[in-house]
Each structure stands twice: as structure tokens, then as C-alpha cells.
J.: 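One structure follows; several queries about it will come next.
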Amino acid sequence: MPTPESRFPALQNCIYLNHAAVAPWPQVTADAVQAFAAENARQGTLNYPHWLTVEQALREQARELLNAPAAGDIALVKNTSEGLSFVAYGLDWQAGDNVVGIRQEFPSNRYVWQSLTKQGVEFRQLDLYDHPDDPETALLALCDARTRLISISAVQYTNGLRMDLAKIGEFCRAKGILFCVDAIQQLGAMPFDVQQVQADFVVADGHKWMLGAEGLALFYVRREILEQLHLTQYGWHMAEGLTDYTMEEYQPALDARRFECGSPNMLGIHALHASLGVLLATGMTMVWEQLSARIQYLVDGLQALPDVEILSDTRIERRSGIVTFRSRTIPNDKLFKQLQDNGVFCAPRGGGIRFSPHFYTPFAQLAQVLRVLAT
Ligand SMILES: Cc1ncc(COP(=O)(O)O)c(C=O)c1O
């Protein structure tokens with residue numbers, strides 16, 4: 001019977017509370033990459049047809065994770081930033097249009113919209129700190145007749161605030177506004193349903209909660225708006241009938257593969273396929289139940305510490321895999337160092353310390369973290 005330590009070897013070395021940054025790989029992922037490396041060295045691409053079956057299987061896993069209507073609605077791209085750039089530079093902007101987002105977003109979800117100002121597009125940013133109780137209503141109030149797109153993260157990377165995507169999606173669909181979701185801090189941590197939230201675009205790299213390698217992201221585009229997005233990258237792999245290299249005229253793939261211009265990241269595909277296998281075999285409902293229980297445990301423990309102030313919204317409907325806190329008496333950098341020195345791998349974010357365990361993190365490790373903070 002495999003133990004948690006044999007399935008997730010990082011458990012043997014440290015207390016890994018940094019899945020919101022880059023996750024350690026499960027053992028099956030390391031095995032898949034090692035087998036792929038050995039095969040490459042031994043026989044190169046002799047068995048490429050098998051690699052293609054792994055790629056197809058990953059596409060189906062991605063469909064399941066997002067509850068997308070079809071696997072072909074999802075492209076395998078480089079990273080979250082690339083997907084957001086596909087959206088920003090694929091739409092037909094008119095001077096005077098605006099994009100609505102959030103001031104505290106990760107840079108990937110701000111810089112690209114700011115870059116559109118040279119085309120006369122305004123980027124309106126909600127300050128989350130001004131609207132802690134109901135950020136969605138405040139966000140929607142920034143929209144007007146010239147709003148073309150709302151782009152936000154499903155979960156804020158600093159404090160783990162989970163947004164009510166369904167509320168925003170419903171508003172966008174009713175008003176004819178496009179809705180773009182950076183789901184990197186949600187996918188793999190909790191269930192996600194792209195149809196229920198009515199997103200037009202969803203993008204997420206695989207190296208956080210999905211437990212994959214850096215450099216391979218899922219990019220969903222709603223089929224009905226595929227043709228609205230101009231292509232900004234070109235190559236053999238994005239064509240319908242991609243194996244016919246002699247075509248003089250080509251047609252972009254009829255599905256989201258049109259955003260994959262060249263050779264796929266087969267190494268990343270093998271890794272993410274193995275990692276998503278772990279999550280989907282557990283079931284995303286169960287993954288979230290277990291992760292949520294760990295967050296509750298941390299919240300209870302942190303609340304019991306007199307010096308500690310929790311910076312995350314602890315309401316259940318706002319919860320994610322992230323809890324951020326600070327000490328009222330110890331400077332943040334000192335507290336961070338104290339945690340590091342005690343084998344706790346976490347991150348300083350949002351003016352505090354960000355903890356991001358995953359569903360497999362043992363409660364005993366969380367108890368140890370709380371003991372470190374209590375001393
Ligand atoms: C909300 C959010 N978006 C995007 C990224 C990273 O983007 P990329 O996949 O382009 O590296 C991060 C990484 O921390 C993030 O927290």
C-alpha cells in the first residue's frame with residue numbers, strides 16, 4: 001500500500017505550503033518524466049504515436065477538469081501569460097473601449113491590459129481593499145456601454161480571495177461583455193465548471209495546484225467566440241490537416257488547436273498527464289474537501305494565536321487553498337525566515353505570509369507549523 005510519503009516525496013523533506021507558487025511533483029509524475037527521458041535517449045521518437053495518445057488523454061483530462069463541452073475547446077499553450085496575451089491581442093479593439101479588472105492582480109493579468117492603452121483602450125481597475133465584502137458588485141459597477149471584457153483571477157494570489165465567478169459571468173453574458181478568467185489559483189485545488197460560470201476564456205498554467213511542470217498551460221476558448229479571436233501566432237501545428245505539409249493554402253484548425261502554432265511540449269504533457277491523473281482519480285470534489293479541511297485547521301490554529309492577524313477572508317464561500325496572515329509583533333521578513341529555518345516552505349505575499357497546502361498535506365505537519373508560530 002503506497003504511503004502519502006511515497007506518493008508525494010516532498011513530504012519527507014519539508015513542510016510544503018507553497019502550492020500557490022510552484023508545486024512539488026507527485027512520484028508518478030517524476031516516474032513519467034524519467035521514463036520519457038529514458039525512452040528519448042534509447043529510441044528518440046520511435047514510439048511517437050504513443051506520445052500522441054498521452055497528449056489526447058491529457059486533453060480529455062483538461063476537458064473534465066474544466067467541464068468544457070469538448071476537449072477541442074482547450075489549447076495547450078506555454079503559460080497563463082501567453083493565454084491572456086492571445087485574448088488581448090486577438091480581439092478587435094476600438095479606441096474608447098475599456099477592460100475591467102483588479103488592481104491587486106498578479107502582473108500577468110494587469111500588464112497585458114495596460115499595454116492596450118496605446119490602442120486607446122482604457123484599463124479600469126477595482127481596488128479590492130475598498131470593497132472587501134462584495135467585490136463583484138463593485139467590479140460590475142465599473143462597467144459601461146464601452147466595456148468589452150472583464151478579466152480577473154478566480155482566486156487572488158495574495159490572500160486567496162475566491163471570486164463569485166458565476167455572478168460576473170451571468171452579468172457579462174447578459175450585457176454582451178466577454179469574460180476572461182485566470183484560473184491558475186483554482187484549477188487543481190477545487191472543482192471548476194466553465195459552463196456554470198459562463199466564462200469565454202479560461203487560462204491556467206499547470207505548475208501550481210495541478211501539480212505539473214512549469215511551461216504548459218490550459219487555454220479554454222468558448223466555441224461560439226472562437227472566430228472573434230484573431231490569430232497572433234502561426235505555424236504548421238495550428239492548421240486543419242496538420243500532417244499535410246504540402247498544402248499551399250491552409251485553414252486554421254476548427255478548434256482551439258489553432259492557438260498551438262508549433263511542436264507540442266511533450267515533456268510537459270507527460271508530466272501534467274501524470275499529475276492530473278492523481279487529482280482526477282481522487283476526484284476534484286474530494287480534493288477540495290480535503291484541502292478545505294486543511295485550510296480550516298490552519299484558520300482555527302492561527303485564530304488561536306494572540307499575535308496573529310489573518311488577512312484572508314475566512315468566509316466559506318470565499319475560501320480557497322490559500323490562507324495569508326501576519327504577526328502583529330514580528331516583522332514579516334523575520335517571521336518568514338523563522339518559518340524557513342524550521343523547514344516550512346511558504347511565501348511572503350500581500351503584506352503577510354501565504355500558506356498554501358494541498359489535499360495531501362498531513363495534519364501533523366500543519367500542527368508542527370502552528371507550533372513554530374506559537375514559539
Ligand atoms: C494569478 C496568477 N496568474 C498567473 C501566474 C503565473 O503566470 P504564468 O503561467 O504566465 O507564469 C501566477 C503565478 O504566481 C498567478 O498567481
Side-chain angles (χ1 to χ4, degrees), residues 16-24 62 65-66 74-90 99-115 123 125-126 128 135 139 149-163 165 168 179-190 192 197 199 201-220 232-233 259-260 265 267-269 271-272 275-276 311-313 318-324 345-358:
Y16 205 104
L17 303 186
N18 215 11
H19 293 85
V22 179
L65 199 65
L66 285 153
I74 301 160
L76 302 177
V77 301
K78 237 174 17 197
N79 47 45
T80 319
S81 308
E82 183 178 55
L84 294 170
S85 298
F86 278 139
V87 176
Y89 283 86
V99 176
V100 170
I102 291 175
R103 193 176 305 286
Q104 288 79 18
E105 287 284 358
F106 193 75
S108 306
N109 211 350
R110 290 185 287 111
Y111 296 170
V112 72
W113 311 118
Q114 284 164 358
S115 78
F123 180 38
Q125 300 177 70
L126 176 79
L128 274 180
L139 188 82
L149 179 91
I150 294 181
S151 182
I152 58 160
S153 295
V155 166
Q156 289 297 310
Y157 81 103
T158 50
N159 58 10
L161 180 76
R162 175 152 50 112
M163 301 296 288
L165 298 180
I168 300 168
F179 184 28
C180 177
V181 178
D182 170 348
I184 197 169
Q185 295 292 3
Q186 174 157 356
L187 272 190
M190 65 187 81
F192 187 90
V197 303
F201 312 104
V202 178
V203 63
D205 209 328
H207 60 267
K208 298 185 192 285
W209 304 94
M210 287 189 258
L211 308 174
E214 284 185 295
L216 182 63
L218 311 179
F219 176 47
Y220 164 89
T232 51
Q233 295 182 1
F259 301 105
E260 302 172 4
N265 172 1
L267 184 56
I269 285 170
L272 190 57
S275 298
L276 291 187
L311 303 174
S312 298
D313 190 329
R318 293 294 181 187
R319 177 172 300 171
S320 66
I322 291 172
V323 59
T324 305
F345 189 42
C346 54
R349 291 287 186 277
I353 301 291
R354 182 183 70 184
F355 282 168
S356 50
H358 211 321

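Both counts, for ligands and for their atoms, begin at 1 and track the order of listing.
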J.: If we set the cut-off at 4.0 Å for heavy atoms, which region of Ser108 has an atom near ligand 1: side chain, backbone, both, or neither?
T.: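 Within the 4.0 Å criterion, Ser108 contacts ligand 1 through side-chain atoms alone.
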J.: Considering only heavy atoms from C-beta outward, does the side chain of Ser356 approach that of Trp209 to under 4.5 Å?
T.: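 Counting from C-beta outward, Ser356 and Trp209 do come under 4.5 Å.
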J.: When you measure from atom 10 (O) of ligand 1 to every protein heavy atom, which one gives the shortest distance, and what is it?
T.: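 Checked against all protein heavy atoms, atom 10 (O) of ligand 1 sits closest to Ser81 OG, 2.5 Å.
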J.: Hey, does Asp205 come in under 3.5 Å of ligand 1, counting only N/O atoms on both sides?
T.: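 So ligand 1 has an N or O lying under 3.5 Å from an N or O of Asp205.
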J.: Ignoring angles and geometry beyond distance, decide whether His207 reaches within less than 3.5 Å of ligand 1 through its nitrogen or oxygen atoms.
T.: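 No - when backbone and side-chain N and O of His207 are compared with those of ligand 1, no distance drops under 3.5 Å.
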J.: Starting from atom 16 (O) of ligand 1, which protein heavy atom do you reach first, and at what distance in Å?
T.: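 Going by distance alone, atom 16 (O) of ligand 1 is nearest to Gln185 NE2, 3.0 Å.
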J.: Mind checking whether Ser153 has a heavy atom under 4.0 Å from ligand 1?
T.: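 Judged by the 4.0 Å heavy-atom criterion, Ser153 does count as contacting ligand 1.
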J.: Pairs of nitrogen or oxygen atoms closer than 3.5 Å, one from Tyr157 and one from ligand 1: do any exist?
T.: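 Min N/O separation from ligand 1 is not below 3.5 Å for Tyr157.
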J.: Starting from atom 6 (C) of ligand 1, what is the nearest protein heavy atom, named by residue and atom, and what distance separates them?
T.: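 Checked against all protein heavy atoms, atom 6 (C) of ligand 1 sits closest to Phe106 CE2, 3.6 Å.
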J.: Rounded to the nearest 0.5 Å, how far apart are CD of Gln104 and CD1 of Ile152?
T.: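 Rounded to the nearest 0.5 Å, the CD-CD1 separation comes to 12.5 Å.
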J.: Measure the acute angle between the ring planes of Trp113 and Phe123, then classify it against the limits of 30° and 60° as parallel, tilted or perpendicular.
T.: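 Taking Phe123 first and then Trp113, their aromatic rings sit tilted (interplane angle of 30° to 60°).
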J.: Once you restrict to heavy atoms under 4.0 Å, what part of Asp182 touches ligand 1? Side chain, backbone, both or neither.
T.: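 Asp182 to ligand 1: side-chain contact only, backbone stays beyond 4.0 Å.
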J.: How are the rings of Phe86 and Phe259 set to each other: parallel, tilted or perpendicular (split at 30° and 60°)?
T.: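 If you compare the ring of Phe86 with that of Phe259, the planes turn out tilted.
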J.: Give the residue, atom name and distance (to 0.1 Å) of the protein heavy atom nearest atom 9 (O) of ligand 1.
T.: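 It is Thr80 OG1, 2.6 Å.
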J.: Would Asn109 and Ser151 count as having a side-chain donor-acceptor pair, cut-off 3.5 Å?
T.: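 Yes - a donor-acceptor pair under 3.5 Å links their side chains.
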J.: I need the minimum non-hydrogen distance between Gln156 and Glu105, along with the two atoms involved.
T.: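 Nearest pair, atom of Gln156 first, then Glu105: NE2-OE2, 3.1 Å.
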J.: Identify the two heavy atoms, one from Leu139 and one from Gly101, that lie closest to each other, and give their separation to 0.1 Å.
T.: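 Nearest heavy atoms, Leu139 then Gly101: CD1-O, 3.5 Å.
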J.: By the definition side chain to side chain contact (heavy atoms under 4.5 Å, CB included), identify the one residue from Leu311, Asn18, Leu17 that meets it with Arg354.
T.: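 That would be Asn18.
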J.: Pick whichever of Lys208, Glu82, Glu214, Lys78 has a heavy atom sitting closest to atom 14 (O) of ligand 1.
T.: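 Of the listed residues, Lys208 has the closest heavy atom.
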